[in-house]
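Inspection log for the structure reproduced underneath, given as structure tokens.
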Protein chains: 2
Amino acid sequence: MSVEREKLKQIRGEFVAQWGALGTQWGINRTMAQIHALLMTSPTPLSTDEVMEELEISRGNAHTNLKELVAWGLVRMVVRKGERRDFFEAEKDVWTIFTTVARERKRREIEPALTVLSQCADGSEEMTTPEGKAFHDQVRQLQDFVAFASKMADRISGMKHGFAVQMATKLLG
Amino acid sequence: MSVEREKLKQIRGEFVAQWGALGTQWGINRTMAQIHALLMTSPTPLSTDEVMEELEISRGNAHTNLKELVAWGLVRMVVRKGERRDFFEAEKDVWTIFTTVARERKRREIEPALTVLSQCADGSEEMTTPEGKAFHDQVRQLQDFVAFASKMADRISGMKHGFAVQMATKLLG
DNA sequence: TCGAATTTTCAGGAAATATTGAAACCAGAT
DNA sequence: ATCTGGTTTCAATATTTCCTGAAAATTCGA
């Protein structure tokens with residue numbers, strides 16, 4: 001039934017394209033998102049050349065973004081015995097994907113913010129004018145909140161899937 | 001004590017600059033983040049001209065980004081009686097800021113993803129080949145998870161601050 | 001209705017990011 | 001030592017995003 005093959009190819013292409021478009025919204029580049037979508041829905045690991053061909057992109061681009069995905073922990077390199085070139089496969093478990101992304105974003109977005117906030121809160125600690133106190137106060141509140149959110153993120157992304165769902169269900173119920 | 005005035009000005013400038021740099025990491029533009037930082041730590045509402053001067057940016061830029069912040073719900077326009085021009089003040093309560101950002105990001109990032117996932121899940125519903133089923137399955141799992149996360153986000157950002165903290169404390173404890 | 005003060009829009013330039021393509025590099029087989 | 005199939009790097013280019021500055025529009029008092 002080659003009709004279904006065709007349909008699958010087409011809808012998968014759709015998925016890859018749209019996921020790529022979403023990626024830009026998310027602040028990650030289109031190619032990276034596309035490769036991720038491609039690998040997540042690939043029944044087998046793919047080589048760099050297959051990725052290049054499927055997405056019609058250059059070798060350099062494919063290479064760079066595959067490396068980046070590996071750095072994020074969303075994709076791993078696998079070696080097939082008897083094969084000389086590298087293959088890549090994506091993590092498919094949604095909870096694992098989620099915690100990986102959460103950890104990475106925390107590292108890139110939350111932690112630098114905390115550094116800035118701490119610096120500024122500390123640097124304005126001793127101020128005595130009303131303006132100085134107000135500034136310190138506001139920054140301090142931000143700092144406390146972000147630190148708190150950071151801890152929460154750790155807790156949640158450290159949970160086992162089942163436990164998280166259980167907890168959430170209670171919350172949603 | 002003009003020394004402290006000077007120091008405040010300087011550290012506040014630091015904060016604004018660094019927050020702006022962070023903004024780019026977050027996927028929002030530098031100017032917008034800077035204006036936000038400026039208004040969050042301003043004891044009084046500021047006019048467009050004051051923002052322009054403080055950040056050394058053009059009127060167009062100031063205007064566009066102030067509007068954008070208003071659209072996000074992080075800043076509101078206020079009118080001072082007797083004053084013809086508009087003034088702007090930022091929301092300062094951290095929990096309110098958080099829920100506002102959460103809602104906005106959900107709208108911009110989660111919801112479009114859900115649309116894509118639903119389309120692709122539905123479009124591959126009836127597939128019978130192993131590959132087709134696997135594709136459907138993977139997309140469906142993503143869909144379920146994102147839908148779930150979406151609901152969670154609603155719940156949390158609908159909470160009163162106190163309740164959220166209480167809940168979180170139990171979680172962290 | 002006119003004019004001054006202010007806001008809004010937007011074409012064009014500047015800056016930042018992503019992508020290409022080709023050369024340099026590397027490892028194993030001969 | 002050299003060849004072959006493959007990976008990695010990176011300068012040049014293309015694309016996207018941001019910002020400016022000035023013109024057009026709006027508001028409001030006189």
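Chain A is the first sequence line, chain B the second, and so forth, proteins listed ahead of strands; every chain is numbered from 1.
The CD1-P distance, from B:I57 to C:dA15, rounds to 16 Å in whole Å. One can place CH2 of A:W26 at 21 Å from C1' of D:dT16, the figure rounded to the nearest angstrom. Between the CD atom of B:Q34 and the C1' atom of D:dC19 there is a distance of 12 Å, given to the nearest Å. Rounded to whole Å, the distance from CE on B:M52 to C1' on C:dT7 is 12 Å. Rounding to whole angstrom units, CG of residue B:N65 and P of C:dT9 are separated by 14 Å. Between B:L66 atom CG and C:dT6 atom P the separation is 16 Å, expressed in whole Å. In this structure, CD of B:E50 is placed 11 Å from P of C:dT7, rounded to the nearest angstrom. If you take CZ of A:R30 and C1' of C:dT19, they are 10 Å apart, rounded to a whole angstrom.
Remark on DNA chain C: of its neighbouring residues A:R59 and A:I28, the 5'-side contact belongs to A:I28, judged by nearest-heavy-atom nucleotide. Both B:G27 and A:F87 lie near DNA chain D, and the one whose nearest nucleotide falls closer to the 5' end is A:F87. Nearest-nucleotide assignment on DNA chain C puts the 5′-proximal partner with B:D86, out of B:D86 and A:N61.
Here B:T64 does not reach the OP1 or OP2 of C:dT8: none of its side-chain N or O atoms lies under 4.0 Å away. Contact between the side-chain N/O atoms of B:T48 and the OP1/OP2 oxygens of C:dT6 is not found at any separation under 4.0 Å. At the phosphate of D:dT8, OP1 or OP2 sits under 4.0 Å from a side-chain N or O atom of A:H63. Between B:N29 and D:dC19 there is a side-chain N or O to OP1 or OP2 distance below 4.0 Å. In terms of phosphate contacts, A:K67 brings no side-chain nitrogen or oxygen within less than 4.0 Å of OP1 or OP2 of D:dT7.
Side chain of B:R85, nearest nucleotide from D:dT7, C:dT6, D:dC19: C:dT6.
Counting non-hydrogen atoms under 4.0 angstrom, B:T24 reaches nothing in the nucleic acid.
Nearest heavy-atom pair, A:C120 versus A:F135, reported as atom, atom and distance to 0.1 Å: O-CE2, 4.2 Å.
One N or O donor and one acceptor, one from the side chain of A:R84 and one from the base of D:dG5, sit under 3.5 Å apart.
Ring-plane geometry between B:H161 and B:W95 is classed as parallel, the angle between the planes falling under 30 degrees on a 0 to 90 degree scale with a further cut at 60.
In this structure, B:E104 pairs ionically with B:R107, as a charged nitrogen and a carboxylate oxygen lie closer than 4.0 Å.
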Next on the checklist: Walk me through whether A:W72 and A:M32 qualify under side chain to side chain contact (heavy atoms under 4.5 Å, CB included).
Outcome noted: CA-CA 11 Å; A:W72 271 70; A:M32 186 172 151; 3.5 Å; yes
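Checking A:R59 against A:H63 by side-chain atom types alone, no donor-acceptor pair falls below 3.5 Å.
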